[in-house]
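As the structure is a computational prediction, the values presented were derived from the model and not from experiment.
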Amino acid sequence: MNIKVIGVGKLKQKYFKAGIAEYKKRLDKLAKVQIVEVADEKAPESLSAAEMAQVKEKEGSRILGKIKDKEYVIALAIEGKQRSSEAFAKEIADLGTYGHPDVTFVIGGSLGLSPEVMQRANDTLSFGKLTMPHQLMRLVLMEQIYRAFMINIGSPYHK
């Protein structure tokens, strides 16, 4: 299985980089994992609705440029579908089994994802109503992907 994680912005904190690198190293034994960063759009604190839409559109265009037609895309969004770890693991296994070996997760910037990215997404995923920094979300996502693979192979890691 091929897993791609596309995130807006660069990781700055060493502890996030280290955590993500650790889960990527663990996952590399189970799947081909690629982390792709796209530039975030610089924006002042207070933006009009039109300016927010423009920022999301520019970031969205960069994201869409990194997605191939054959990829099954899961967009992370607060309003996305929530799942248990077991249900997420089953979904990952089913995607690989039923013709979707290329799965791409997309994490937007501070303003979220553009409507175009949401339209391209085959599915959505939410880790709850809490707002998290996108750097932390990348780490949480990598851990949950690793957990899904561990559940699927019957490893005691999940317990």
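Scanning both residues, Met118 and Ala75, for their nearest heavy atoms gives SD-CB, 3.8 Å.
Residues forming a salt bridge (Lys or Arg N to Asp or Glu O under 4.0 Å) with Lys32 (at least two apart in sequence, or on another chain): none. For Lys66, there are no salt bridge (Lys or Arg N to Asp or Glu O under 4.0 Å) partners two or more places apart in sequence or in a different chain. Applying the side-chain contact (heavy atoms from CB on, under 4.5 Å) criterion to Lys58, with sequence neighbours excluded, gives Glu41, Gln54. By the salt bridge (Lys or Arg N to Asp or Glu O under 4.0 Å) test, Asp94 pairs with Lys90, sequence neighbours left out.
Rounding to the nearest 0.5 Å places OG of Ser110 at 8.5 Å from CD of Glu45. Here CG of Leu113 is found 13.0 Å from CZ of Arg120. Values are rounded to the nearest 0.5 Å. From Leu27, atom CG reaches atom CD1 of Ile35 across 8.5 Å, with rounding to the nearest 0.5 Å. In this structure, OG1 on Thr104 lies 5.5 Å from CD1 on Ile6, to the nearest 0.5 angstrom. Atom CD1 of Ile78 sits about 8.0 Å away from atom CG of Leu130, to the nearest 0.5 Å. Here the straight-line distance linking atom CG of Asp102 with atom CD of Gln34 works out to 10.0 Å at 0.5 Å rounding.
Side-chain atoms of Glu59 and Ser114 form no donor-acceptor pair, as typed in the model, at a separation below 3.5 Å.
The side-chain heavy atoms of Glu86 and Arg147, taken from C-beta on, include no pair separated by under 4.5 Å. Here the side chains of Ile107 and Val8 are not in contact, with every heavy-atom distance at 4.5 Å or above. Residues Gln82 and Phe127 fail the side-chain proximity criterion, which asks for heavy atoms closer than 4.5 Å. Side-chain contact between Phe105 and Ile3: present, with at least one pair of heavy atoms (C-beta onward) separated by less than 4.5 Å. Residues Asn2 and Val103 fail the side-chain proximity criterion, which asks for heavy atoms closer than 4.5 Å. Side-chain contact check for Ile151 versus Ile92: every heavy-atom pair is 4.5 Å or farther apart. Within the 4.5 Å cutoff, the side chain of Ile74 has heavy atoms near those of the Glu91 side chain. Contact check for Leu47 versus Leu111: side-chain heavy atoms found under the 4.5 Å cut-off.
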After noting the C-alpha distance and the side-chain angles of Glu79 and Ser126, does the key distance pass the side-chain hydrogen bond (donor to acceptor under 3.5 Å, both in side chains) rule? CA-CA 7 Å; Glu79 66 276 4; Ser126 174; over 6 Å; no

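Ionic pairing of Asp123 and Lys81 is present here: one or more N-O contacts between side-chain nitrogen and carboxylate oxygen are shorter than 4.0 angstrom.
The list of ring-ring contact (aromatic ring centres under 6.0 Å, His included) pairs with a residue in residues 43-72, not counting sequence neighbours, reads Tyr72-His100.
In terms of hydrophobic clustering, with Ile, Leu, Val, Met, Phe, Trp and Tyr side chains grouped at heavy-atom distances under 4.5 Å, Tyr98 and Phe149 are assigned to different clusters. The hydrophobic clustering, which links ILVMFWY residues whose side-chain heavy atoms are closer than 4.5 Å, places Met1 and Val36 apart. Put simply, Val73 and Leu76 are part of two different groups of oily side chains (I, L, V, M, F, W, Y) that touch within less than 4.5 Å, one to the next. Leu95 and Ile67 are not part of a single hydrophobic cluster, where members link through side-chain heavy atoms under 4.5 Å apart.
Geometric assessment of Arg26 against the ring of Tyr146 yields a positive cation-pi assignment under the 6.0 Å and 45° thresholds.
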Using residues 10-19 as the side-chain source, report each donor-acceptor pair under 3.5 Å to any protein atom, sequence neighbours left out, with the distance given to one decimal.
none

